[in-house]
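Here is how names work: the chains are called A, B, and so on, in the same order as the sequence lines, proteins then strands, and each is numbered from 1.
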There are 2 protein chains.
Amino acid sequence: MAKAENSDGEKLVKAFHGAHHAHGRCVGRALSRADALCRQRGARLTTMRRRVLELIWDSHKAVKAYDLLDRLSDGEKPVRPPTVYRALEFLMAHGLVHRVDSLNAFVGCSGADADHNAQFLICQQCGDVSEMDGAAIGKAVARQAQLAGFTVRRQTVELHGECPRCTAS
Amino acid sequence: MAKAENSDGEKLVKAFHGAHHAHGRCVGRALSRADALCRQRGARLTTMRRRVLELIWDSHKAVKAYDLLDRLSDGEKPVRPPTVYRALEFLMAHGLVHRVDSLNAFVGCSGADADHNAQFLICQQCGDVSEMDGAAIGKAVARQAQLAGFTVRRQTVELHGECPRCTAS
DNA sequence: GAAAAAATGTTACTTTATAACAATGCATTT
DNA sequence: AAATGCATTGTTATAAAGTAACATTTTTTC
């Protein structure tokens, strides 16, 4: 996760983006990563899949499947649910997109590697979702579970609250 | 959370129940707690709400709303979705039931107080769900989020994996 | 027991997601 | 380039999860 300094010179984890950040870079980074990853694995990032990924990266908010559907469709050629869900399935399988269970919605994966335990910070005000790859949390969680004799295979950690930007204003 | 000793004399947190535990007690405890809590608050634990709560406590698995619906209905008098969802809404508002987002399903709340941050351990094999009131996790999570300038208001923590009983066999 | 409030019933619909099969596209061999 | 085979997308239909709006009944309160 990128670090930045605030006005007091403190180190802050920069998980959320400013309102007017150069979003093109987020998108660009995500798409080239997708390209690279798929090439490397011999997976096909088809036009449809790429379009879906781009639409998801259009913002940092979680996107509903049926919103994607609407945006992909024009009156002449409506796109049907299975098409979108299949693209999402592919993108999730390759770690390019995550499903946010508590929202029934999808966000682009900004994490480094494919198979990681991500946590999500979801702003209840602006709707922006930020991904934390907090190994610390992952471990705390796994340790606590271990006390109950439980082996963690997959975790859903979704934190709803207020992002720095909305807190400030 | 109750403690128990295993064969080595170690202290273990007993979050999961044995296969043949005296389940009547779980149910009994849950129902009397519900009675007490509602009386105390002047809330009405009506027949319908109580029936739904009982059905949920029928097992330690998460229950789907439409399963409840089926079980509440007989051919003559089908119960409709809003009835069940309203009962669930009431039970959740009073902290008697939790929704498990990653399963679209509901479990009885075994936690002590009403307004708590619960974490769920979900066994992928047997389907049993256990509630951890891990203040430790809650805090670790909130602390980590704070580093990103994020204020946590509500958390969804759902851990999928293997419970002790299924691990053993 | 009449009025008000709370809970439940009812109808209809929205949103989210998947199953099953058909058609198309793409990649490799020949 | 035609033939084969597999992956992807299209299409139809339906399942599963949840809610809005209004009618009826039950409970409480005055």
Side-chain angles (χ1 to χ4, degrees), chain A residues 34-35 37-39 41-56 61-94 96-107 127 156 158, chain B residues 34-35 38-56 61-94 96-107 127 156 158:
Chain A
D35 281 330
L37 211 141
C38 288
R39 196 158 354 97
R41 295 188 190 173
R44 293 171 48 198
L45 190 61
T46 59
T47 308
M48 180 58 71
R49 290 164 178 173
R50 204 165 208 281
R51 279 175 75 198
V52 169
L53 186 57
E54 280 172 16
L55 284 174
I56 286 177
K61 303 184 197 324
V63 188
K64 302 255 165 191
Y66 275 72
D67 283 355
L68 294 171
L69 207 51
D70 289 346
R71 291 202 257 158
L72 288 167
S73 299
D74 62 29
E76 308 293 292
K77 277 233 143 209
V79 167
R80 312 289 180 178
T83 303
V84 168
Y85 281 103
R86 283 190 289 228
L88 289 170
E89 190 181 25
F90 172 90
L91 295 169
M92 286 195 292
H94 290 282
L96 299 170
V97 155
H98 291 291
R99 202 192 123 93
V100 182
D101 286 332
S102 57
L103 299 176
N104 291 346
F106 303 83
V107 288
T156 300
E158 300 172 7
Chain B
D35 282 329
C38 287
R39 196 157 356 96
Q40 175 194 321
R41 295 189 190 171
R44 293 172 48 199
L45 190 61
T46 60
T47 308
M48 180 58 72
R49 289 165 179 172
R50 203 166 208 281
R51 279 175 75 197
V52 169
L53 187 58
E54 281 172 16
L55 284 175
I56 286 176
K61 303 183 195 328
V63 187
K64 302 256 165 189
Y66 275 72
D67 282 355
L68 293 171
L69 208 51
D70 288 345
R71 291 203 257 157
L72 288 167
S73 299
D74 63 29
E76 308 293 292
K77 279 232 140 209
V79 167
R80 312 289 180 182
T83 302
V84 166
Y85 281 103
R86 282 192 288 229
L88 288 169
E89 190 181 25
F90 172 90
L91 294 169
M92 286 196 292
H94 290 283
L96 299 170
V97 155
H98 292 292
R99 201 191 124 91
V100 182
D101 286 332
S102 57
L103 298 177
N104 291 346
F106 303 83
V107 288
T156 299
E158 301 172 7

* What do the steps show when you test B/F90 against B/H94 for side-chain contact (heavy atoms from CB on, under 4.5 Å), and what is the final call? -> CA-CA 6 Å; B/F90 172 90; B/H94 290 283; 3.4 Å; yes
* Over all atoms of both residues, closest heavy-atom pair of A/L72 and A/L55 -> CD2-CD1, 3.6 Å
* Asked: What closest approach, in Å, do A/R49 and A/L91 show between heavy atoms, and which atom pair accounts for it?
  ->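 Closest approach of A/R49 to A/L91, heavy atoms only: O-CD1, 3.8 Å.
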* **Contact nearer the 5' end of DNA chain D, comparing B/F106 with A/R49** =>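 Of the two residues, A/R49 wins.
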Check the distance between [N]'s [atom2] and [X]'s [atom1] and give it to me in whole angstrom.
X     : N      : atom1 : atom2 : answer
B/Y66 : D/dT14 : OH    : P     : 17 Å
B/D67 : D/dG18 : CG    : C1'   : 15 Å
A/E89 : D/dT9  : CD    : P     : 12 Å
A/L45 : C/dG25 : CG    : C1'   : 16 Å
A/F90 : D/dT8  : CZ    : C1'   : 11 Å
A/L69 : C/dT16 : CG    : P     : 11 Å
A/R51 : D/dT9  : CZ    : P     : 11 Å
B/L88 : C/dT8  : CG    : C1'   : 14 Å

Is there a side-chain polar atom (N or O) of [X] under 4.0 Å from OP1 or OP2 of [N]?
X     : N      : answer
B/K64 : D/dA17 : yes
A/R86 : C/dA17 : no
B/T46 : D/dT26 : no
A/T83 : D/dG10 : yes
B/Y85 : D/dT19 : no
A/R80 : D/dA13 : no

* Asked: Counting only N and O atoms by type, is there a donor-acceptor contact under 3.5 Å from the side chain of B/E158 to the main-chain atoms of B/V100?
  -> no
Selected nucleotide, minimal atom distance to [X] side chain, candidates [options]:
X     : options                : result
A/M48 : D/dT9, D/dT19, C/dA17  : D/dT9
B/R44 : C/dG9, C/dA7, D/dG18   : C/dA7
B/P82 : D/dG18, D/dA20, D/dT12 : D/dA20

* Should A/D101 and A/R99 be marked as a side-chain contact (heavy atoms from CB on, under 4.5 Å) after you check the CA-CA gap, both sets of side-chain angles, and the distance that decides it? -> CA-CA 6 Å; A/D101 286 332; A/R99 202 192 123 93; 3.0 Å; yes
* Asked: If you pin B/T47 and B/P81 to their nearest nucleotides in DNA chain C, which one's is more 5'?
  -> B/T47
